[in-house]
Amino acid sequence: MKTVRQCLHAEGTPQSLVETLDAILLACKEIASQLHQGALAGILGCAGQENVQGETQKKLDVVSNDLLKSYLKNCSFVAGMASEEEDDPVEANKEGEYLVLFDPLDGSSNIDVNVTVGTIFSILPAKGDASKVESYLQPGNQQIAAGYVVYGPSTLLVLSTGKGVNVYTLHTGALDFLLTREQVKIPAVTKEFAINMSNQRFWEPAMQNYVADMLKGEEGPLEKRYNMRWVASMVAEVHRIITRGGIFMYPWDSREPLKPGKLRLMYEGNPMSFLVEQAGGAASNTKMDIMDVQPGSIHERVSVVLGSKTEVEIAVKYHN
Ligand code: AHM
Ligand code: MG
């Protein structure tokens, strides 16, 4: 089986990008090992502080963030980084070619209940001063690579450098990610949706109508019986879609009307949209492609509808 490095070299990936991805993966392997130890490593529970978005940080949010920061700072190709757990950008190396944006541990409310979590990352070209927010405010269509590591029953890496999507499985003996699925394609049509139904009354009417029609099954206008899943971990939901199709939605809702949604554009929406589109799916904020949104700040939120192409088009039609 080919290692991730061998696959990247075969795709003609520049060495600078291979080294940058390697730095991310070194951190992810350590995160996987800590997660595996759970309570034995003393990493469950809260860190006793809040992040910039006012969310309580879990101990593992902090540990994962520190690991990624330290490996990326040591990689000479990384100019700077931005993280869900950092208020401001973190400068790395003046001569670096890349900016790395990440959610160190997505779905971290799941850690204490032993349910799947993940690390999401996005790589942009370095432009200007990496200590300045403006240098990071590039739309998702500028991404050079994106991926996630999902820590489930096995630890998987799902990666794209813009030449399709491959899935690698962590071989815990060799401590390497080995290619286990090549050139993933998301089926265009699906009967499975994922949305937090408890927010139903807060959605805008278009989203309410779409979900109500899905629930009507074969007798409704969509003429299909849908199944529903909600893991509360975007990485797990996207991984299910990468594996067997589906639609995932975290729309705008009136609980926080001034925010476009709950999820963050630059290190959740964009990298996941890049992967989903590279696998033949679609990703929209209901008005435009997520990757065409011009970010105004690093921690900006976005409304997310992504997955099987035909189903995303149906969801968008309800909004227009
Ligand atoms: P996090 O980055 O703080 O973990 O939050 C993002 C997570 C997503 O993984 C998931 O889709 C969503 O929040 C779940 O939200 P909710 O608890 O509202 O269902
Ligand atoms: Mg997250």
Side-chain angles (χ1 to χ4, degrees), residues 28 31 35 43-65 68 81-87 101-122 146-152 156 158 192-203 207 211 228-242 246-257 259-273 275-276 283-285 290 297-307 312 315:
C28 292
I31 297 169
L35 278 164
I43 39 81
L44 303 188
C46 294
Q49 59 200 60
E50 285 188 347
N51 67 11
V52 61
Q53 355 235 346
E55 299 159 337
T56 307
Q57 287 178 313
K58 299 280 185 186
K59 280 187 200 157
L60 252 178
D61 282 326
V62 178
V63 169
S64 310
N65 188 53
L68 279 156
M81 64 202 93
S83 160
E84 175 174 337
E85 307 302 341
E86 298 284 335
D87 300 13
L101 297 92
F102 52 88
D103 178 351
L105 207 62
D106 180 59
S108 53
S109 69
N110 279 330
I111 301 167
D112 294 347
V113 288
N114 204 22
V115 172
T116 306
V117 290
T119 298
I120 313 173
F121 56 89
S122 160
Y148 61 79
V149 172
V150 54
Y151 312 100
L156 305 181
V158 178
E192 196 160 66
F193 73 93
I195 193 164
N196 185 342
M197 285 295 296
S198 68
N199 296 327
Q200 185 176 26
R201 68 189 186 284
F202 303 113
W203 302 332
M207 187 54 80
V211 174
M228 196 204 91
R229 288 286 181 273
W230 188 251
V231 189
S233 163
M234 188 193 201
V235 178
E237 321 280 5
V238 171
H239 193 66
R240 188 181 56 252
I241 290 170
I242 288 279
I247 186 166
F248 165 83
M249 295 173 283
Y250 212 119
W252 171 91
D253 68 53
S254 61
R255 290 173 303 165
E256 291 193 86
K259 291 184 182 158
K262 174 182 179 181
L263 300 176
R264 276 60 46 129
L265 172 64
M266 299 211 66
Y267 41 82
E268 293 178 322
N270 278 339
M272 291 312 206
S273 300
L275 290 166
V276 164
S284 167
N285 69 354
I290 288 179
S297 72
I298 284 179
H299 301 289
E300 177 168 326
R301 312 276 177 147
V302 67
S303 176
V304 173
V305 175
L306 60 76
V312 171

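All of these numbers come straight from a predicted model, not from anything done at the bench. We count ligands from 1, going down the list as the structure has it; atoms in each ligand are counted the same way.
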Give yes if a backbone or side-chain nitrogen or oxygen of G107 is under 3.5 Å from a nitrogen or oxygen of ligand 1, and no if not.
yes
Give yes if a backbone or side-chain nitrogen or oxygen of D103 is under 3.5 Å from a nitrogen or oxygen of ligand 1, and no if not.
yes
Taking 4.0 Å as the limit for heavy-atom contacts, which would you say applies to E237 with ligand 1: side chain only, backbone only, both, or neither?
neither
Which atoms of ligand 1 have any heavy atom of S108 under 4.0 Å away?
4 (O)
The answer for which part of F248 has a heavy atom under 4.0 Å from ligand 1 is side chain
Examine the proximity of ligand 1 to L263 and report which part, side chain or backbone, both or neither, has a heavy atom under 4.0 Å away.
side chain
Does a donor on one side chain sit under 3.5 Å from an acceptor on the other, for N270 and S122?
no
Test side-chain contact (heavy atoms from CB on, under 4.5 Å) on M234 and V304; report intermediate values, then the result.
CA-CA 11 Å; M234 188 193 201; V304 173; 4.2 Å; yes
With respect to atom 16 (P) of ligand 1, which of N196, T116, D253 exhibits the smallest heavy-atom separation?
N196
For ligand 1, which atoms have a heavy atom of R264 less than 4.0 angstrom away?
1 (P), 2 (O), 3 (O), 5 (O), 6 (C)
May I ask you to identify, for V235, whether its side chain, its backbone, both or neither come under 4.0 Å of ligand 1 on a heavy-atom basis?
neither
Number the atoms of ligand 1 from 1 as they appear, then name those within less than 4.0 Å of a heavy atom of M234, with their elements.
8 (C), 9 (O), 10 (C), 11 (O)
Of the options L105, T116, V235, which is the one that meets Y151 in a side-chain contact (heavy atoms from CB on, under 4.5 Å)?
L105
Hits for salt bridge (Lys or Arg N to Asp or Glu O under 4.0 Å) against R240, two or more places apart or cross-chain, chain-then-number order -> E192, E237
Ligand 1 atoms nearer than 4.0 angstrom to some heavy atom of W230 are 14 (C), 19 (O)
For residues W230 and F193, establish whether the separation of their ring centroids is below 6.0 Å.
no
Just let me know how D106 lines up against ligand 1, side chain, backbone, both or neither, with a heavy-atom cut-off below 4.0 Å.
both
The criterion is salt bridge (Lys or Arg N to Asp or Glu O under 4.0 Å); which residues satisfy it with R201, sequence neighbours excluded?
none
Answer yes or no: does an N/O atom from E268 fall short of 3.5 Å to an N/O atom of ligand 1?
yes
Which residue, H299, M81, M272, forms the side-chain contact (heavy atoms from CB on, under 4.5 Å) with Y267?
H299
E84 neighbourhood, listing ligand 1 atoms whose heavy-atom distance to it stays under 4.0 Å:
1 (P), 2 (O), 3 (O)
Quickly, which of V150, V149, I242 forms a side-chain contact (heavy atoms from CB on, under 4.5 Å) with L156? Name it, please.
V150
Any side-chain heavy atom of L265 sitting closer than 4.5 Å to one from I290?
yes
